[in-house]
Amino acid sequence: MTPHTPQAPGTPGPAEAPEASDTREAAEAPGAPEKIVVVGASLAGLRAAQALREAGHHGPLTLIGAEPHAPYDRPPLSKELLQGRTTPAGLALEDTAPLALNEYYGRRAVHLDTAARLVHLDDDTAHPYDALVIATGATARTWPGPLPARGVHTLRTLDDARALKADLDPATPRHLMIAGGGFIGCEIASVARELGHTVTLVTPEPLALHSAVGPEAAAFLTRLHQDAGVEILTGHTVTALTGTDRPTHATLTGPDGTRTLSTDTVLLALGALPHTDWLATSGLRLDGGLVTDAYTRVLDVHGRPQPRITAAGDITRFPHPHTPDLVNLGHWSNAAEQARAAAHNLLHPHTPVPYHPVASFWSTQYGVRLRAVGLPRYADRTEVRELDPERRRLDVAYYRDDRLIGALTANRAARITAYQAQLADDISRTTLTPA
C-alpha cells in the first residue's frame with residue numbers, strides 16, 4: 001500500500017447538487033486518465049481494477065474498501081463458510097500485488113466532490129482522481145429499534161458470517177428465527193437445519209421467495225424447507241424483538257393479529273440497501289441505487305452521463321432491454337461482468353460498449369442445485385415446463401409481454417445453457433447508439 005494519502009484542503013460541509021455549469025464531467029471530452037480511483041473493494045471493485053490494468057492503464061490506480069479485509073468472495077458466506085467447508089482465508093480472491101495498486105482497506109468513503117474530483121474518506125483524507133469507478137455495493141437492511149446485545153445477526157460481510165457461524169455451532173442447539181424469505185434467508189435456513197438447529201422462517205409474502213421467483217417456483221422451494229423441518233410463517237412480519245443479553249421472544253403481526261414466538265437467535269434477512277449515503281450531495285442521480293446509462297456511465301441529477309465516472313455491482317440501477325424498469329442485479333456474475341464493462345468504458349469514453357447482461361444466479365438448498373438466468377423478478381407470466389417435487393426437479397420459464405426474459409431450474413442445470421443462449425440472442429438483436 002502506498003504510505004502517502006493526499007490530504008483534502010478542508011472537510012466538506014452540506015452542499016446542494018451541482019448545477020449544469022458546475023458539473024465538468026458531461027461537458028468535457030476526456031483523454032486518457034492518469035489517476036484512477038476505484039471505491040469499493042469487493043468483487044466488482046477488484047474486477048474493475050484488473051480490467052483497467054489488462055486494458056493498458058499504467059498510471060496510478062487506487063482501490064479503497066470500507067472493510068478491513070482484502071477483496072474476498074461473498075457467496076460462500078451463506079453456505080460453505082457456515083458449514084465449515086471453507087475458512088476465511090479460503091475466501092480470498094486473487095492476489096492484488098501484480099496490479100500495483102494503492103490499497104486502502106478499512107477506510108469508508110463519506111463524500112464525493114465531483115467538481116474538485118476528490119473522494120473524501122472517514123479518516124479526513126481525500127483522494128484525487130481523473131477517472132472514477134464506484135463499486136461500493138450494498139449494506140444489509142438493519143432493525144429500526146433496540147436490539148439485544150448478542151444473538152441478532154445480518155449477513156453481508158465476512159465479520160457478519162463469523163459471528164453467525166459462532167452462534168450456529170452444532171454443539172449448541174439453537175432456535176433460529178429468520179426474518180425475511182429471500183435467497184439469503186432461505187440459504188441460511190438450509191444450512192442451519194443441516195447443522196441441527198430449529199428454524200422458523202417469517203416472511204410477509206404468501207410463500208418464501210415469492211416475489212423473486214413467482215408462485216410456482218416459490219411453492220416448490222417452500223416445500224423443500226417444510227420437508228426439511230423448517231417452520232414457515234407466511235403473511236407475517238416481525239414487529240418487535242425482546243431480550244437484553246440474547247433475544248428471547250419475537251412479536252409477529254399477521255392476518256390474524258399478533259403472536260409471540262420464542263427464539264434465542266435471530267437472522268435479519270430483510271434485504272439490502274445500495275450504499276449511496278456518501279453520494280447524497282455529489283450531484284449524481286440516486287433512485288433506489290446509483291443510476292447509470294446502458295454504458296455503465298453514471299448519470300448526474302440532470303440525467304447526463306458522466307464519462308469520467310462509471311459504476312458496477314450491487315450499488316447500480318441501469319436499463320435493460322428485457323424490461324422498461326431500471327434493474328438492480330445483486331448477483332456475483334453481474335458484479336464481475338459489469339465491472340469489466342465499466343473499466344472499458346472509462347478508458348474508451350468515445351467508443352463505449354453497452355452493458356446488457358444475461359444475468360446468472362445459483363443457490364444450493366438441501367442438496368438441490370438451483371440455477372437462474374435472466375430477470376425472473378420482472379416477469380408478468382410464467383410457464384412451468386417441469387414440476388416434480390418428489391424427484392426435486394423444476395423448470396420454469398419467465399416472460400414479459402410474451403418475450404422470454406428468464407428461467408429457473410432445480411436439479412436441471414443442463415437446461416440453463418439453452419435458455420442462456422436464447423436470452424443472449426434476443427439481447428443481441430437490441431442495438432443502441434452511444435450517447
Side-chain angles (χ1 to χ4, degrees), residues 42-43 72-86 88 90-91 137-141 152-170 174-203 205 207-213 217-234 265-272 314 329-335 359-373 376-377 392 394 408-411 413:
S42 190
L43 178 69
Y72 62 88
D73 206 15
R74 292 185 189 274
L77 295 180
S78 60
K79 310 177 198 53
E80 291 91 340
L81 186 69
L82 294 182
Q83 294 165 325
R85 295 194 287 119
T86 190
L91 302 179
T139 57
R141 195 182 295 269
V152 179
H153 304 271
T154 57
L155 184 61
R156 191 76 194 176
T157 68
L158 175 57
D159 293 340
D160 291 340
R162 283 170 163 161
L164 181 59
K165 186 177 189 302
D167 255 3
L168 294 183
D169 185 340
R174 298 285 187 190
H175 182 180
L176 173 66
M177 185 200 74
I178 299 173
F183 273 104
I184 290 294
C186 287
E187 286 183 349
I188 300 304
S190 172
V191 172
R193 283 300 297 142
E194 291 169 359
L195 294 175
H197 301 288
T198 301
V199 178
T200 300
L201 189 147
V202 181
T203 175
E205 297 192 284
L207 294 163
L209 290 163
H210 187 273
S211 63
V213 301
F220 174 90
L221 295 168
T222 295
R223 177 174 171 177
L224 282 182
H225 288 274
Q226 291 172 328
D227 288 348
V230 175
E231 179 186 24
I232 297 185
L233 302 178
T234 59
T265 307
V266 173
L267 173 70
L268 301 174
L270 304 174
D314 294 357
L329 303 176
H331 304 329
W332 189 97
S333 63
N334 176 70
S360 178
F361 174 75
W362 68 94
S363 178
T364 302
Q365 298 173 28
Y366 310 105
V368 176
R369 180 72 168 174
L370 305 173
R371 289 289 308 276
V373 290
R377 182 182 293 273
R392 306 205 295 182
L394 177 70
L408 181 144
T409 66
N411 288 340

Item to complete: Would you check if the side chain of R141 reaches a backbone N or O of L270 as a donor-acceptor pair within less than 3.5 Å?
Response: yes
Worksheet item: Under 4.5 Å between any side-chain heavy atoms of L164 and D160, yes or no?
Response: no
Discussion item. Just verifying a value: how many Å separate R223 CZ and L207 CG, rounded to the nearest 0.5 Å?
Written reply: 13.5 Å
Worksheet item: Would you say the side chain of H225 lies within less than 4.5 Å of the side chain of Q365, judging by non-hydrogen atoms?
Response: yes
Worksheet item: Considering only heavy atoms from C-beta outward, does the side chain of L408 approach that of F220 to under 4.5 Å?
Response: no
Worksheet item: Rounded to the nearest 0.5 Å, what separation is found between the CZ atom of R377 and the CG atom of L209?
Response: 9.0 Å
Worksheet, complete the sentence: Smallest heavy-atom separation, T154 atom then A140 atom, equals CB-CB, 3.8 Å
Worksheet entry | From T364 atom OG1 to L370 atom CG, the distance as rounded to the nearest 0.5 Å | 7.0 Å
Item to complete: Check P76 against L91 and note the closest heavy-atom contact, atom names and distance.
Response: CB-CD2, 3.5 Å
Fill in: Heavy-atom pair of closest approach, residues S363 and K79
CA-CE, 4.5 Å
Worksheet entry | Short side-chain donor-acceptor distance under 3.5 Å, T200 and H175 | yes
Discussion item. Within this structure, what is the CZ-CG distance for the pair R193 and L224, rounded to the nearest 0.5 Å?
Written reply: 13.5 Å
Item to complete: Answer whether the closest heavy-atom distance between the side chains of T234 and T222 falls below 4.5 Å.
Response: no
Worksheet item: Are the side chains of L268 and V266 in touch, meaning some heavy atoms are under 4.5 Å apart?
Response: yes
Response to the item:
Here the gap from I178 atom CD1 to E187 atom CD, rounded to the nearest 0.5 Å, amounts to 10.5 Å
Worksheet entry | Minimal non-hydrogen separation, L168 against A192, with atom names | CD1-CB, 4.5 Å
Worksheet item: Is the shortest distance from a Lys or Arg side-chain nitrogen in R156 or D314 to a carboxylate oxygen in the other one below 4.0 Å?
Response: yes
Practice prompt. Could you check if a side-chain atom of L221 sits within less than 4.5 angstrom of a side-chain atom of C186, using non-hydrogen atoms only?
Written response: no
Worksheet item: Yes or no on side-chain contact (heavy atoms from CB on, under 4.5 Å) for L329 and F361, after CA distance, side-chain angles and deciding distance?
Response: CA-CA 10 Å; L329 303 176; F361 174 75; over 6 Å; no
Discussion item. I'd like to know if the side chain of R174 reaches the main chain of T265, judged simply by a donor and an acceptor atom lying under 3.5 Å from each other, with no hydrogens or angles considered.
Written reply: no
Discussion item. Does W332 form a side-chain contact (heavy atoms from CB on, under 4.5 Å) with R74? I'd like the steps, not just the answer.
Written reply: CA-CA 8 Å; W332 189 97; R74 292 185 189 274; over 6 Å; no
Practice prompt. State whether the side chain of S78 and the backbone N or O of I188 hold a donor-acceptor pair below 3.5 Å, judged by distance alone.
Written response: no
Worksheet entry | Nearest atoms (heavy-atom pairs only) where L77 meets A161 | CD2-CB, 3.8 Å
Discussion item. Tell me the closest heavy-atom pair linking Y366 and V230, and the distance in Å.
Written reply: OH-CG2, 3.2 Å
Worksheet item: Atom CG in N334, atom CG in L43: separation rounded to 0.5 Å?
Response: 10.0 Å
